[in-house]
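Data block below; observations after.
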There are 2 protein chains.
Amino acid sequence: MVRKSASGRIGIADVAVKAGVSHATVSRVMNGNFTVDPDIAARVRAAAAELKYQPNPVGRSLALGKTDTIGIVVPDLANPTFQAILRGLSRAAAQDGYRVLIADSFEVSSEESILAGEARRRCDGLVLCAPRMSDAELEEIAPSLRPLVLINRTTAAAEVPSLVVDYGQGVQDIAEHLVELGHTRLAFLAGPPRSASNGMRLQGLETFKAAHPQVEVTMLEGGSDFDTGHEAVDAVLESGATGILAFNDLVAMGLMSGLHERGLDVPGDISVTGFDDIPFAKYTTPALTTAAVPITELGEQAWHQLRALIRNEESAAPGSSRYQPRLEVRASTGPEKAPRSTVHG
Amino acid sequence: MVRKSASGRIGIADVAVKAGVSHATVSRVMNGNFTVDPDIAARVRAAAAELKYQPNPVGRSLALGKTDTIGIVVPDLANPTFQAILRGLSRAAAQDGYRVLIADSFEVSSEESILAGEARRRCDGLVLCAPRMSDAELEEIAPSLRPLVLINRTTAAAEVPSLVVDYGQGVQDIAEHLVELGHTRLAFLAGPPRSASNGMRLQGLETFKAAHPQVEVTMLEGGSDFDTGHEAVDAVLESGATGILAFNDLVAMGLMSGLHERGLDVPGDISVTGFDDIPFAKYTTPALTTAAVPITELGEQAWHQLRALIRNEESAAPGSSRYQPRLEVRASTGPEKAPRSTVHG
DNA sequence: ACGGGACTGGAAAGCGATTTCTCTTCTTTT
DNA sequence: AAAAGAAGAGAAATCGCTTTCCAGTCCCGT
């Protein structure tokens with residue numbers, strides 16, 4: 001009969017009794033401390049095996065002051081970008097024996113810092129993914145969240161590395177590509193207003209406009225999902241633009257679908273571009289021209305940065321790094337046809 | 001100057017000192033125990049606020065014997081189906097103040113039970129998603145994992161509710177639909193061999209074949225992602241089938257993309273169907289005919305079942321439930337054209 | 001043969017909370 | 001006014017484990 005120590009599960013005490021030693025010795029054996037007589041160690045191991053003893057991680061965490069768990073806060077778990085980051089992070093962390101706790105803020109920026117704090121206290125470190133909170137708030141809470149790694153966001157707070165994708169450059173590359181194809185009237189379908197990556201894209205477009213004064217760039221309201229793109233068809237057509245830069249691949253796909261329903265040809269009538277190069281982008285018809293972001297790798301790198309912080313708080317803070325998107329020209333962009341209207345304005 | 005109790009963070013002891021009371025009293029106040037004098041309670045609260053005290057969840061967990069966290073084990077975090085389940089689960093659990101810890105087994109079935117055990121010990125309950133392990137192993141470890149909820153898998157172990165989608169019925173519905181359109185030669189692009197849901201589909205097809213002896217059904221090897229579908233083009237064409245049942249939407253999309261590259265028309269030349277009705281399915285060209293599975297809802301229901309188990313182990317074990325897929329006829333299926341070859345075999 | 005260093009393993013002190021137990025102190029009742 | 005009862009708050013036990021501290025053992029050199 002297996003003794004149960006008060007609670008329902010087998011504890012270190014049960015093993016100690018069965019092996020006829022103190023629980024301190026059991027602990028030593030379980031943790032590979034070699035100051036234990038091999039015979040006794042064997043006896044303890046046998047007892048542990050027979051009882052199927054597994055140390056309670058909560059007790060362990062309390063004693064050790066670490067949980068072997070990291071947290072990640074994302075604004076929207078439905079977004080493929082964040083899913084990919086999560087996947088990369090989880091995979092990399094698992095290889096080092098760490099688990100990941102997820103927190104979805106559902107784009108409610110006011111919840112973010114609370115969520116982050118709660119997650120952080122249960123973990124050894126935190127990855128904050130494209131937080132929607134203000135710069136001021138971020139800078140204020142960042143220190144209490146360390147070890148902390150930021151993704152697609154930066155902060156002035158010390159010891160907080162951040163990994164950011166250069167969306168501004170990516171958007172410029174795409175716009176250049178469209179211009180080279182002869183397009184002179186572009187439209188940008190924007191993303192969520194609070195998204196920093198949307199801000200970076202807007203900045204990139206400003207730079208582009210400065211360099212290409214002859215190109216007309218219309219800004220359209222948007223979002224980050226299929227429906228946004230699908231619903232934007234009218235606005236896009238009204239703009240008269242022939243080259244559309246969608247916030248991301250999802251929006252681009254929704255838009256293409258909508259254009260298709262209107263009987264318009266992509267890229268014959270209108271060229272459409274996305275951003276991110278999600279796995280689906282290759283398989284749309286026509287295949288989507290987009291800017292590829294090594295997004296899973298981003299999650300992986302986030303772990304490496306976090307690991308460095310966790311392992312050695314003194315270590316030279318690993319600098320923040322910047323990822324350059326790579327233009328992927330596919331079939332959804334083509335040369336501008338004869339303009340539908342000769343003059344405008 | 002804020003006192004730090006040994007560790008770097010502010011503990012209950014600091015608040016106790018600052019408020020001039022014992023930590024027992026602080027605990028009482030923080031937990032809404034009303035046997036504390038209002039004046040003292042106010043003093044404690046003030047001290048806690050000033051020190052920005054937040055109770056350490058690990059210490060709390062040890063004392064309370066609960067972590068307010070649940071775990072989920074999935075075979076592949078890259079799979080949209082599991083992502084959707086995770087999303088539903090996370091959202092529902094968050095509403096009740098629970099967090100979720102994720103574990104990805106990367107389709108390595110031998111790791112699954114270890115992973116599950118480790119996750120379970122850190123949590124108050126576990127959701128096992130489409131486990132790839134054998135029935136015997138599942139039944140053996142299930143009791144030690146309780147409270148446990150299974151998704152797309154059942155077990156004989158007691159007190160383990162499971163939520164399963166009736167893939168068999170769904171496949172039959174799709175096949176019927178194709179037959180009604182005049183197709184007499186079908187092909188099934190199978191999924192991962194160890195997947196139970198693949199097994200259910202195969203069973204469904206057997207039932208279908210028994211009911212429709214005149215219909216030829218070819219079985220093809222496959223997988224669960226885009227590339228599988230894309231690479232299956234040759235095999236599909238060789239089979240001579242005019243109606244293709246892909247394992248899921250991803251495979252269907254990959255296949256359609258491949259067929260498109262070969263200059264074939266869907267559904268003109270070949271009809272293609274998917275399974276799951278992922279958000280993308282609506283937006284492919286042509287829009288994908290598929291069987292819709294309320295997958296996010298599945299994650300949500302998993303939480304409800306788990307919650308019932310956690311809250312009251314005595315409660316009538318909530319029965320297992322079965323979800324019926326709903327046929328979504330879209331544009332990727334159409335009537336069979338004149339057969340490309342009159343006779344075969 | 002005896003003192004000192006290397007080993008072993010038990011006892012006990014945390015880790016940071018919650019909670020029971022107990023002792024005051026203040027009310028209330030007779 | 002005395003006894004019984006209620007209420008409030010501190011001391012101490014717990015949760016399950018790790019780890020320091022320390023008391024014995026054993027072996028070795030002198």
Side-chain angles (χ1 to χ4, degrees), chain A residues 3-45 47-48 51-69 118 120-124, chain B residues 3-45 47-48 51-69 118 120-124:
Chain A
R3 151 121 7 97
K4 297 184 294 181
S5 72
S7 93
R9 286 192 123 69
I10 295 166
I12 199 171
D14 303 294
V15 180
V17 169
K18 182 158 192 105
V21 298
S22 74
H23 51 273
T25 301
V26 176
S27 172
R28 280 188 273 257
V29 172
M30 300 305 288
N31 292 297
N33 184 324
F34 289 110
T35 69
V36 178
D37 183 288
D39 289 351
I40 295 188
R43 214 165 71 222
V44 169
R45 257 186 281 274
L51 259 36
K52 292 192 204 302
Y53 166 69
Q54 306 277 159
N56 176 326
V58 179
R60 240 173 151 258
S61 292
L62 188 59
L64 257 30
K66 65 185 197 129
T67 61
D68 289 341
T69 300
E118 282 186 352
R120 175 59 186 83
R121 277 193 299 281
R122 300 176 183 274
C123 301
D124 299 344
Chain B
R3 152 119 6 95
K4 296 185 292 181
S5 72
S7 92
R9 285 191 124 70
I10 296 165
I12 198 171
D14 303 295
V15 180
V17 169
K18 182 159 192 103
V21 298
S22 73
H23 50 273
T25 299
V26 175
S27 174
R28 278 188 275 258
V29 173
M30 299 305 287
N31 291 295
N33 184 324
F34 289 109
T35 71
V36 177
D37 183 288
D39 289 351
I40 294 188
R43 214 165 71 220
V44 169
R45 257 186 280 275
L51 261 37
K52 293 192 204 304
Y53 167 68
Q54 305 278 158
N56 175 327
V58 179
R60 243 173 149 255
S61 292
L62 187 59
L64 293 173
K66 66 184 194 129
T67 60
D68 289 342
T69 300
E118 283 188 352
R120 174 61 185 83
R121 260 173 281 123
R122 299 174 183 274
C123 301
D124 299 343

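Heavy-atom basis, side chains included; hydrogens, waters and symmetry copies ignored.
Atom OG of S27(A) is separated from atom CG of N33(A) by 8.5 Å, given to the nearest 0.5 angstrom. Atom CG in L51(A) sits 4.5 Å away from atom CD1 in I10(A) (nearest 0.5 Å).
Between R43(B) and G20(B), the closest heavy-atom pair is NH2-O, 3.9 Å. Here the closest non-hydrogen pair linking A16(A) and S22(A) is CB-C, 3.8 Å. Looking at every heavy atom in both residues, V36(B) comes nearest to V29(B) through CG1-CG2, 3.9 Å.
Across the protein-nucleic acid pair, R122(A) atom CZ and dA17(C) atom C1' stand 13 Å apart, rounded to whole Å. The CD1-C1' distance, from I10(B) to dC15(C), rounds to 17 Å in whole Å. Distance, I12(A) CD1 to dT14(D) C1': 16 Å, rounded to whole Å. The separation between D14(A) atom CG and dG16(D) atom C1' is 11 Å, rounded to whole Å.
For R60(B) (side chain) and A63(B) (main-chain N/O), no donor-acceptor pair under 3.5 Å exists by modelled atom type.
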For nucleotides 5-9 of chain C, print each protein N/O atom paired with a nucleotide N/O atom at under 3.5 Å, atom names and distance only.
| unit_1 | atom_1 | unit_2 | atom_2 | d |
| --- | --- | --- | --- | --- |
| dG9(C) | OP2 | D37(A) | N | 2.7 |

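DNA chain D lies under 4.0 Å from at least one heavy atom of each of the following residues of residues 52-68 of chain B: L62(B), A63(B).
Nucleic acid contact class of N33(B) (heavy atoms, under 4.0 Å, all strands): none.
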> Yes or no on side chain to side chain contact (heavy atoms under 4.5 Å, CB included) for T67(B) and R122(B), after CA distance, side-chain angles and deciding distance?
Replying inline: CA-CA 7 Å; T67(B) 60; R122(B) 299 174 183 274; 5.9 Å; no

>> Does T35(B) form a side chain to side chain contact (heavy atoms under 4.5 Å, CB included) with R28(B)? I'd like the steps, not just the answer.
In response: CA-CA 8 Å; T35(B) 71; R28(B) 278 188 275 258; 4.0 Å; yes

